[in-house]
Amino acid sequence: MDRPNRRQQLNKLRQKEILDELRQKRNKLNEKRHIEPEEGEEDIVKSNTLIKRASGKRRKGEPESSSDKACNGLPVKVEGKKLFNLIRHSREIVDSMNCREARFYIKYFAEDDDEISEISLMYPGWEGLESFALATLSRNKDKDNEYLPMKDLKSTVNLIIDHVLADDISEMFKTSLNNQSVQLTINNSIKNRLLDELHDGIQRYNKIIMDIRKNSRKLWSKYIIERNTAEPQYIQIVNHVIGQTYDRIIGPRVERLTNITSNLDLNYGELNADFIHDIIVKTKIKNSTIFVDLGSGIGNTILYASIATGCTGYGYELQQKLVDLANEQCKEIMTRGKLYGLEIGRVEFLSGDFKDIYINHPGFINILYSADVILANNRTFSPETNQFLYNLFLGLKKGAKVVSLESFEGFEPRGKQSERVFSNIKSFRYKENWVSWTHSDGKFYIATHV
């Protein structure tokens with residue numbers, strides 16, 4: 001056996017030892033917490049061993065394998081285990097897409113013996129561990145719009161070292177060993193497609209993370225502890241967590257977001273992270289804020305604000321399929337945020353028609369009337385829906401701010417012509433590429449309740 005193959009085997013063996021140690025810790029932790037599955041929910045376990053790609057179709061009557069179920073988005077049940085797949089792994093995205101279309105992803109390293117192998121990266125928070133696929137898109141795929149696992153791995157490592165960890169801990173990854181630091185080893189190995197060097201770099205990285213946990217040192221940067229939304233590095237961390245969540249939950253099923261143009265109230269659109277951050281700054285959303293999104297879609301705005309500031313967020317959305325996706329994103333981000341030292345505030349998503357809100361969700365009215373900030377992406381709402389919302393806003397508390405994409409100026413509350421809803425309505429501009437429905441800039445409005 002030649003030297004490179006021997007070294008690769010040793011690296012994989014060390015990776016396995018680390019994984020076994022972490023699994024034992026996780027099992028003990030789960031036993032202490034008495035984690036039980038919810039009623040009707042299957043027990044889930046994530047295997048960190050290589051999942052080989054099936055080359056042919058399953059024969060009729062043959063039971064589904066764990067990898068078959070992963071391809072179909074189904075939970076994997078393991079007898080006698082009570083573990084949950086707490087995050088959706090990079091590897092699962094690649095497996096899912098390759099099950100839909102053969103060779104959607106191919107191996108990244110030419111010398112890799114496996115069709116597509118994986119590598120496990122430790123996160124500093126919550127004893128987190130994620131399996132990243134060592135894969136790249138096949139040549140005919142659009143790299144601008146698809147998930148890139150190696151780019152995700154590289155950006156995650158650099159973000160953790162440069163921005164997430166406290167400065168004294170960060171230096172451990174930047175100190176040179178044989179003229180090359182851990183961070184530089186990982187970056188160069190990905191850039192130059194050197195598999196053995198990547199295993200070596202990740203092994204060194206994971207060992208430092210394990211040692212840090214054992215010593216219980218203070219991990220986090222000051223701006224994470226303070227939730228400093230004015231700090232660009234902090235916002236970069238929030239954006240990364242939101243992006244990872246979107247890639248894993250929404251990306252593989254983006255076709256479910258197809259617009260339904262026959263009904264104006266069903267048209268769908270998203271606000272960019274920069275736009276949401278601008279709203280947070282302008283309306284001064286903070287930990288104690290109650291933030292309501294009317295027409296919350298897949299929940300991006302509420303989730304971003306809640307993980308960035310710790311605010312309490314409520315989303316109300318007409319389409320149940322979007323609420324389902326929002327709840328999936330919420331589950332993912334609640335755990336994924338902890339890997340980076342971020343705690344999400346209380347979040348809830350409800351489904352229903354605004355016009356039936358008094359019947360279907362009467363308790364939501366009390367939430368709305370206690371809210372500090374309300375967002376209404378009402379650019380395509382019908383005139384009747386906008387009028388209904390304007391009437392609904394009569395009950396808002398004094399000083400509550402309503403952010404909208406179309407102005408409520410000129411509306412009159414029906415039957416109460418003498419009452420004013422807003423003391424002032426200010427106009428602002430959002431920048432190019434800040435919304436999903438156009439590349440152009442545009443106007444938005446912030447109205448303050450009297």
Side-chain angles (χ1 to χ4, degrees), residues 86-88 90 121 123-126 128 130 147 151-167 170 219-251 270-291 293 296-315 325-347 349 372-373 375 403 430-431 433-436:
L86 297 177
I87 60 170
R88 186 162 296 181
S90 163
L121 182 77
Y123 287 92
W126 221 39
E130 179 163 10
Y147 173 68
K151 181 180 179 181
D152 187 15
L153 174 61
K154 182 179 178 180
S155 61
T156 298
V157 169
N158 288 324
L159 182 86
I160 290 171
I161 294 173
D162 293 335
H163 302 314
V164 174
L165 297 172
D167 291 342
S170 175
L219 292 174
W220 312 116
S221 300
K222 184 179 179 181
Y223 40 78
I224 290 181
I225 297 171
E226 295 176 349
R227 285 188 180 274
N228 186 358
T229 55
E231 180 62 55
Q233 289 93 333
Y234 178 72
I235 295 305
Q236 190 174 342
I237 298 168
V238 172
N239 289 345
H240 186 80
V241 174
I242 292 289
Q244 282 192 318
T245 301
Y246 186 96
D247 285 339
R248 286 151 178 75
I249 305 300
I250 306 300
E270 298 176 43
L271 307 187
N272 176 293
D274 291 329
F275 194 176
I276 301 170
H277 179 248
D278 193 44
I279 291 172
I280 290 173
V281 173
K282 283 183 168 60
T283 59
K284 299 180 180 179
I285 294 176
K286 54 187 178 181
N287 181 274
S288 59
T289 300
I290 297 177
F291 179 32
D293 186 357
S296 53
I298 58 174
N300 282 349
T301 303
I302 287 293
L303 293 172
Y304 185 103
S306 187
I307 199 167
T309 68
C311 72
T312 299
Y314 296 92
L325 289 172
N327 283 322
E328 283 195 56
Q329 284 211 102
C330 185
K331 289 178 182 178
E332 174 75 13
I333 208 169
M334 283 180 69
T335 303
R336 187 166 288 278
K338 292 178 181 179
L339 304 180
Y340 297 88
L342 302 177
E343 291 283 348
I344 191 171
R346 180 185 173 186
V347 172
F349 295 101
D372 303 289
V373 179
L375 170 65
V403 183
Y430 59 81
K431 296 181 180 180
N433 299 312
W434 273 20
V435 295
S436 65

Test salt bridge (Lys or Arg N to Asp or Glu O under 4.0 Å) applied to D247 - qualifying residues, sequence neighbours left out: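 Listed in chain order: nothing, the list is empty.
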
Listed partners of D162 passing salt bridge (Lys or Arg N to Asp or Glu O under 4.0 Å), at least two apart: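 For D162, the residues satisfying salt bridge (Lys or Arg N to Asp or Glu O under 4.0 Å) (neighbours in sequence not counted) are K174.
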
Those residues that, when tested against [X], pass side chain to side chain donor-acceptor pair (under 3.5 Å) (two or more places apart):
X	answer
S90	Y147
E343	none
D372	K397
N433	H439

Measuring only between side-chain heavy atoms, which start at C-beta, is [X] closer than 4.5 Å to [Y]?
X	Y	value
I224	V164	yes
N239	Y304	yes
R227	T309	no
P124	I160	yes
T301	S296	no
D274	K431	no
W220	E226	no
Q244	E332	no

Partners passing side-chain contact (heavy atoms from CB on, under 4.5 Å) against A166 (at least two apart in sequence or in another chain):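 A166 satisfies side-chain contact (heavy atoms from CB on, under 4.5 Å) with D168 only.
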
Main-chain N/O of G345 paired with S306 side-chain donor or acceptor, under 3.5 Å: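 Confirmed, S306 side chain pairs with G345 backbone.
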
Exam field: side chain R248 to backbone R88, donor-acceptor pair closer than 3.5 Å: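 Yes, R248 side chain to R88 backbone: donor-acceptor pair under 3.5 Å.
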
From [X] [atom1] over to [Y] [atom2], what is the distance, rounded to the nearest 0.5 angstrom?
X	Y	atom1	atom2	result
L339	T335	CG	OG1	7.5 Å
I298	I249	CD1	CD1	10.5 Å
R336	L86	CZ	CG	11.0 Å
L271	I279	CG	CD1	5.5 Å
D293	L303	CG	CG	10.0 Å
S221	L219	OG	CG	10.0 Å

Mind listing the closest non-hydrogen atom pair of [X] and [Y] along with its distance?
X	Y	result
H163	I237	O-CD1, 3.8 Å
T229	H277	O-NE2, 3.0 Å
G299	A326	N-CB, 3.8 Å

Under the rule for ring pair (Phe, Tyr, Trp, His ring centres under 6.0 Å), what residues qualify as partners of [X], not counting sequence neighbours?
X	answer
W434	F275
Y234	none
Y340	Y123, H240

Pairs where residues 279-291 contributes a residue and the test side chain to side chain donor-acceptor pair (under 3.5 Å) is met, not counting sequence neighbours: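 The answer is D278-K282.
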
Candidate pair N272 and V435, rule side-chain contact (heavy atoms from CB on, under 4.5 Å), full reasoning: CA-CA 5 Å; N272 176 293; V435 295; over 6 Å; no

